[in-house]
Amino acid sequence: LRTLPGYTAPPTFGGDSAQIDAMDTCRDQALAADILPPYFDNQTSCFRFCKARDYDVAKAFKMYADHYAWRTARGPDEMVDRGNGPVPKFLYDYKFAERAQHKVAYNHVHHKVDKLGRLVYYDRAGSLNIKQVLAIDQEEVLKAYIWDCEATLFFRLPACSIAARKHIGKTLTVIDLKGFGLGLLANKAAKSYLKRIITLSQDNYPEMLGKMVIINAPYVFSALWKFI
C-alpha cells in the first residue's frame, strides 16, 4: 500500500482504457529515458502526473521529466532503506533549525483524517505573520516545505492507506482565514513567497489535494473571491 508497488492497475484509480494506455505510455517513455527509479515505478506516480496534464502523454512526460530533474538537483532523489522500504535520505538528514520560530509565524499542522480516510491539513493562513516568515532564511523555509511534502508522500499518506485498508493519495485542506487582512495581498514580498510555494507544489506534487475548505473567511475575502 505504501507506493502500490508493481504496475497492476488497482480499481481505486478507475479511468477509461485511453487513460490507462496514456499512463502506460508515459511510464514506458520514462523507463526508456532512464528517469524512472524503482521508488517512482508505480501507478500512483503515473496517475498524478498524467491526471495533472489531462492524460496528454507528451505534456505529462515533460512534467515528470522536469520533476525528476528538479529532484536530482534538490537532493530528495537519494534513497535509503531503514527497514520499512526506500525513502528519501533527505527526510532523515534535514533539520530545520528555525522550525519553532517558523511555526509561531505560520501556524499549520497535519492532524488525523476525514471520513474518507484522507489526511487532514489545517492551515491558519489568516494569522500568518509574513514579516516573521520573511525574516527567516528563505532557502531554509523552502527546504522545510519540500521536507513536509516529501513526508506527506512517503510517510503520512501511506499511513492513511494502511489505516483505511485502501489506497489514500489525497488530502483534505482546511484554510482558516480568521484575522485575514488585505495587507497580505498588498505585500509584494509575500506574494512572491506564496507564488513560489504554489508553483513548487503544482510542478512537483500534483494531484495530492482532494478537497479544500475555507473557514472564517471575512467579508472582504468573500467579495474578492467572487470577483476572481
Side-chain angles (χ1 to χ4, degrees), residues 1-10 12-13 23-53 57 60-99 102 110 113 117-119 121 137-171 196-197 199-210:
L1 281 173
R2 192 180 65 79
T3 57
L4 294 179
Y7 202 67
T8 302
T12 48
F13 285 101
M23 293 168 65
D24 287 339
T25 302
C26 190
R27 173 180 181 263
D28 290 342
Q29 290 184 3
L31 283 170
D34 196 24
I35 59 172
L36 189 63
Y39 66 87
F40 260 1
D41 189 7
N42 53 72
Q43 197 179 28
T44 307
S45 300
C46 288
F47 168 78
R48 290 195 297 113
F49 287 94
C50 286
K51 180 70 166 58
R53 291 297 179 262
V57 174
F61 174 75
K62 183 182 185 306
M63 184 184 189
Y64 173 74
D66 289 345
H67 167 69
Y68 184 75
W70 172 85
R71 290 188 73 86
T72 303
R74 296 293 307 194
D77 65 310
E78 184 180 355
M79 308 297 284
V80 294
D81 190 337
R82 299 192 177 178
N84 294 309
V87 297
K89 187 172 181 289
F90 172 70
L91 285 175
Y92 287 110
D93 290 350
Y94 178 69
K95 299 294 185 292
F96 185 22
E98 296 180 280
R99 181 175 297 279
H102 184 259
H110 292 88
V113 298
R118 297 176 299 192
L119 176 69
Y121 170 67
D137 185 316
Q138 290 305 288
E139 279 304 309
E140 289 301 305
V141 171
L142 193 65
K143 284 182 182 179
Y145 181 76
I146 294 170
W147 186 96
D148 201 64
C149 291
E150 292 289 311
T152 294
L153 189 62
F154 283 90
F155 290 149
R156 297 180 183 122
L157 289 177
C160 291
S161 298
I162 292 171
R165 297 178 179 274
K166 62 180 181 180
H167 173 69
I168 301 294
K170 293 181 179 289
T171 66
R196 190 178 184 188
I197 292 294
T199 299
L200 186 149
S201 298
Q202 292 176 337
D203 290 347
N204 298 290
Y205 302 99
E207 296 300 319
M208 289 177 65
L209 175 64

Asks: Taking side-chain contact (heavy atoms from CB on, under 4.5 Å) as the test, write out the residues that go with Lys89, two or more places apart.
Replies: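 So Lys89 forms a side-chain contact (heavy atoms from CB on, under 4.5 Å) with Glu78, Val80, Asp93.
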Asks: Could you pull out all residues at least two apart from Asp28 that satisfy side chain to side chain donor-acceptor pair (under 3.5 Å)?
Replies: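 For Asp28, no residue satisfies side chain to side chain donor-acceptor pair (under 3.5 Å) once neighbours in sequence are set aside.
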Asks: Give me the ring orientation class for Phe154 and Phe40: parallel if the planes are under 30° apart, tilted from 30 to 60°, perpendicular past 60°.
Replies: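 Aromatic pair Phe154/Phe40 classed parallel.
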Asks: Let me confirm one number: the NE2-CZ distance from His110 to Arg156, rounded to the nearest 0.5 Å.
Replies: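 Spacing of NE2 (His110) from CZ (Arg156) equals 4.5 Å.
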Asks: State which residues pass side-chain contact (heavy atoms from CB on, under 4.5 Å) with Asp203; sequence neighbours excluded, sorted by chain then number.
Replies: Thr199
Asks: How long is the straight-line distance from CG of Asp148 back to OG of Ser201, given to the nearest 0.5 Å?
Replies: 10.0 Å
Asks: To the nearest 0.5 Å, what is the distance between CD (Gln138) and CZ (Arg196)?
Replies: 7.5 Å
Asks: Compare every heavy atom of Arg74 with every heavy atom of Leu142, then report the nearest pair and how far apart it is.
Replies: CD2-NH1, 4.1 Å
Asks: Using 0.5 Å steps for rounding, measure from the OG1 atom of Thr171 to the CG atom of Leu119.
Replies: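 Separation between the atoms: 6.0 Å.
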Asks: Describe, in one word, how the ring planes of His67 and Tyr64 are oriented to each other, choosing from parallel (under 30°), tilted (30 to 60°) and perpendicular (over 60°).
Replies: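 Tilted, since the angle between the ring planes falls between 30° and 60°.
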Asks: Do any N or O atoms from the side chain of Lys166 and from the backbone of Ala163 form a donor-acceptor pair under 3.5 angstrom?
Replies: no
Asks: Would you give the length of the straight line joining atom CG of Asn42 to atom CG of Leu36, rounded to the nearest 0.5 angstrom?
Replies: 8.0 Å
